[in-house]
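Report on the following structure.
Order of the sequence lines fixes the chain letters, A, B, ..., with proteins taken first and strands second; residue numbering starts at 1 for each chain.
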Amino acid sequence: MTIREFQEARKNGATISELVTQFQRKIEEKNPQLNAFLTTTFEQAQTRAQTLDQQSIDHVLCGVPLAIKDVILTKGVRTTASSKMLDHHTASYDAHVIEELNAHGAIMMGKTNCDEFAMGASNENSAFGLVRNPFDLKRVPGGSSGGSAAAVAADLCVAALGTDTGGSIRQPAAFCGVVGLKPTYGRVSRYGLIALCSSFDTIGPITKTVEDAAILLDTIAGYDSHDMTSVPNEVPSYASHLQRDLRGLKIGIPSEYFVDGMNLEVEQRIRDAVKQLERLGVEPVEVSLPHTKYAIPVYYVILSAEASSNLARFDGIRYGTRSTDSPESAMDRLLDTYLSSRSHFGPEPKRRMMLGSFVLSSGYADRYYHQAQKVRAMIKEEFDAVFQNVDVLVAPTTPATAFKLGEQVNDPLKMYLEDIFTCPVNIAGLPAISIPCGTASKLPVGLQIIGKPLDELTILQVAYQFEQSQKVAKA
Amino acid sequence: MTIDPALIQKLAMLSRIRLTDEEITRYASQMTRIVEYVEQLQEVETSHATRVRQISGLENVTREDSPEPYKATEDLLNAFPERDGRTLSVPNIL
């Protein structure tokens, strides 16, 4: 059920309460198998539904059941970042995006599972169990927003919020056959988002249709004084401007995004999609982004540095899990509290914090961290140069389809390479959307459309026209 | 560049993490591979490049320095692991 279909159902006589109950039943039935939700908020959802049935809010999101990734703070509701470090933590305030959604009448069904502290590409790093891909229960949903993507794909909610630091909205959206939008860095406030990498993190929608992504973006985007990286630019009205004649639009096809070793069926689906866009009038242009191959090392050096700093706040003192191993000497008690409390982190956060300490340490900072920041500038400049001549870039979201659970979990480096086509976008702070473009061996394939800074409208328009033309093709 | 167990122990202490011997060995080999992989950044000629600290292009974001009452103090305090009435319990350091 999409947002539009939800409101149609209401017009046809269903109450919000009845519709919320339907989604609740589905979650109760399917979540034990999928493990998409860590925490459900059915009581609060029903109370809100009843209030809205009495006194509706005049907005297309009124009553719409959503799922929220568990790295976003929701006041009074357990918020864990999928970590034992926050197992018993209740959020003290609402994130900005949650305030906006609440004000427009959206209803939260629960908090979704993800990789621990958003670190991962398969949702296998969660301290509370893995998530299964609704298309094939033996496969990963992708990560880190695996729970949100699986919940949307299995229709356990109308739509969801995820976060994208290196591809964590787009990659699971691609693996689960749904739409995932990463906004421009600064377009959506990060106030109330548990920080992973502060210069890459974004919050965005995971939905069934492009229109639903546009509606959610309309609601959550915009300046917030609580986030000093929030851009003051006006938010266009995305959902009401999706129609566009694409004739004359130039789409760049970056050659570095078609690599040896990528799944050939996936590549073919992307080439087919480009042909489809050509039939809609676009002009494909071969472009080159030579420093693409350095994107993953840049990404992991900067990410681990910033993550090691961001995760330092989890020290067992003010919030989160506090434990001690009771040392004899009182002098050791503080250190012991840190070491004991922080042993509640899983392996991936530990690895990244240590890597971060390493690349920032005296003697190595210049070689790794400063060098990565400089290469970051070059990657950004390369995108800027290419965007002088094209309106959007079109590429695969991932090199292959959803892999099997357990296949890569013991090889951290191999898992990092999953981000190969998505992380350059976070490095440059650009907006990008992944939309379904067919299947490869029955598994979903995602088409990625990358835009200029703050040009979510164009990528949504291209995505929308493509999506609508696919429907016509099927009929 | 090899990340040996001694370096892992040092990094673990910097990160305030306690590791078992098995973890030290395992992370040493995993992190050696990762550091070897990121070593390719040295190939890039960057003498002309400036470090990106922040990608949105915003500079000098300021606000009025005027205090406002914070309405949810109690909610923040409720997250504290140990309390004794109005006081917050922390590990002693003296």
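Looking at Tyr369(A), only its side chain comes within 4.5 Å of chain B, counting heavy atoms on both sides. For Arg63(B), no part sits under 4.5 Å from any heavy atom of chain A, backbone or side chain. Of the atoms belonging to Val298(A), heavy atoms from both backbone and side chain fall under 4.5 Å from chain B. Heavy atoms of Val38(B) lying under 4.5 Å from chain A belong to its backbone as well as its side chain. For a residue to count as touching a neighbouring chain, one of its non-hydrogen atoms must lie under 4.5 Å from one of that chain's; by this rule Ala72(B) touches chain A with the side chain only. Contacts of Tyr299(A) with chain B are absent, with no heavy-atom separation under 4.5 Å from either backbone or side chain. With a 4.5 Å cut-off on non-hydrogen atoms, Met354(A) touches chain B through its backbone and its side chain both. With a 4.5 angstrom heavy-atom cutoff, Asn233(A) does not touch chain B via any of its atoms. Proximity to chain B (any heavy atom under 4.5 Å) is restricted, for Leu417(A), to the side chain, taken from C-beta onward. Both the backbone and the side chain of Leu41(B) come within less than 4.5 Å of a heavy atom in chain A. At a 4.5 Å heavy-atom cutoff, the contact between Gln40(B) and chain A is made by backbone and side-chain atoms alike. If you measure heavy-atom distances from Leu88(B) to chain A, you find no contacts under 4.5 Å at all. For chain A, the nearby parts of Phe80(B) are the backbone and the side chain; heavy atoms of each come within less than 4.5 Å. Residue His88(A) does not touch chain B at all, counting heavy-atom pairs closer than 4.5 Å. For Lys293(A), the parts sitting under 4.5 Å from any heavy atom of chain B are the backbone and the side chain alike. The contact between Lys350(A) and chain B is made by backbone and side chain atoms together, counting heavy-atom distances below 4.5 Å.
Heavy-atom neighbours of chain B within the stretch residues 300-316 of chain A, taken at a separation under 4.5 angstrom, comprise Val301(A), Gly316(A). Near-neighbour residues of residues 45-56 of chain B relative to chain A, defined by a heavy atom under 4.5 Å from a heavy atom of that chain, comprise Glu45(B), Thr46(B), His48(B), Ala49(B), Thr50(B), Arg51(B), Val52(B), Arg53(B), Gln54(B), Ile55(B), Ser56(B).
Contact of the Ile296(A) side chain with the Tyr37(B) side chain is registered, since non-hydrogen atoms from C-beta on lie closer than 4.5 Å. Looking only at side-chain heavy atoms (C-beta outward), Arg18(B) and Ser340(A) come within less than 4.5 Å of each other. Side-chain atoms of Arg33(B) and Asp411(A), non-hydrogen and from C-beta on, do get closer than 4.5 Å to each other. Contact annotation: the side chain of Phe358(A) approaches that of Leu7(B) to within less than 4.5 Å [non-hydrogen atoms, C-beta and beyond]. In this structure, the side chains of Pro232(A) and Leu58(B) come closer than 4.5 Å at one or more pairs of heavy atoms.
Note that the CG atom of Leu355(A) and the CD atom of Gln30(B) stand 11.5 Å from one another [nearest 0.5 Å]. To the nearest 0.5 Å, atom CG of residue Leu334(A) and atom CZ of residue Arg16(B) are 8.5 Å apart. Expressed to the nearest 0.5 Å, how far CE of Met228(A) lies from CG of Asn60(B) amounts to 9.5 Å. Remark: Ser357(A) OG to Lys10(B) NZ distance equals 10.0 Å, nearest 0.5 Å.
One N or O on the side chain of Gln371(A) and one on the backbone of Val44(B) form a donor-acceptor pair closer than 3.5 Å. For Ser92(A) (side chain) and Asp75(B) (main-chain N/O), a donor-acceptor pair under 3.5 Å exists by modelled atom type. Between the side chain of Arg318(A) and the main chain of Leu77(B), no donor-acceptor pair closer than 3.5 Å is present. When atom types are taken as modelled, the side chain of Gln42(B) and the backbone of Arg367(A) share a donor-acceptor pair closer than 3.5 angstrom.
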Practice item. Kindly indicate, with the supporting measurements, whether the criterion side chain to side chain contact (heavy atoms under 4.5 Å, CB included) is fulfilled by Met1(B) and Tyr368(A). Key: CA-CA 12 Å; Met1(B) 164 99 218; Tyr368(A) 297 106; 4.2 Å; yes
Practice item. Check step by step if side chain to side chain contact (heavy atoms under 4.5 Å, CB included) holds for Tyr416(A) and Ile34(B). Key: CA-CA 9 Å; Tyr416(A) 294 170; Ile34(B) 294 167; 3.7 Å; yes
Review point. Does the pair Met353(A) and Leu11(B) meet the rule for a side chain to side chain contact (heavy atoms under 4.5 Å, CB included), with working shown?
Key: CA-CA 9 Å; Met353(A) 285 191 286; Leu11(B) 296 173; over 6 Å; no
Practice item. Could you go through the salt bridge (Lys or Arg N to Asp or Glu O under 4.0 Å) check for Arg351(A) and Glu23(B) one step at a time? Key: CA-CA 10 Å; Arg351(A) 255 189 302 267; Glu23(B) 281 175 310; over 6 Å; no
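Comparing Tyr338(A), Tyr319(A), Tyr294(A), Tyr185(A) by heavy-atom pairs within less than 4.5 Å of chain B, the highest count is held by Tyr294(A). The residue among Arg322(A), Arg187(A), Lys75(A), Arg342(A) with the most heavy atom pairs within less than 4.5 Å of chain B is Arg322(A). Ranked by heavy-atom pairs under 4.5 Å with chain A, the first of Pro81(B), Ala79(B), Ser89(B) is Pro81(B). Top candidate by heavy-atom pairs under 4.5 Å with chain B, chosen from Pro453(A), Ala372(A), Ala91(A), Pro347(A), is Pro347(A). Ranking Thr62(B), Val35(B), Leu14(B) against chain A, the residue ahead of the rest is Val35(B), based on heavy-atom pairs under 4.5 Å. Of the listed residues (Pro412(A), Ser230(A), Ser199(A)), the one with the most heavy-atom contacts under 4.5 Å to chain B is Pro412(A).
Scanning both residues, Pro91(B) and Arg333(A), for their nearest heavy atoms gives CB-CG, 3.8 Å.
When the ring pair (Phe, Tyr, Trp, His ring centres under 6.0 Å) test is applied to Tyr223(A), no partner is found at least two apart in sequence or on another chain. Checked against side chain to side chain contact (heavy atoms under 4.5 Å, CB included), Ile24(B) has the following partners two or more places apart in sequence or in another chain: Pro5(B), Ile8(B), Gln9(B), Leu19(B), Asp21(B).
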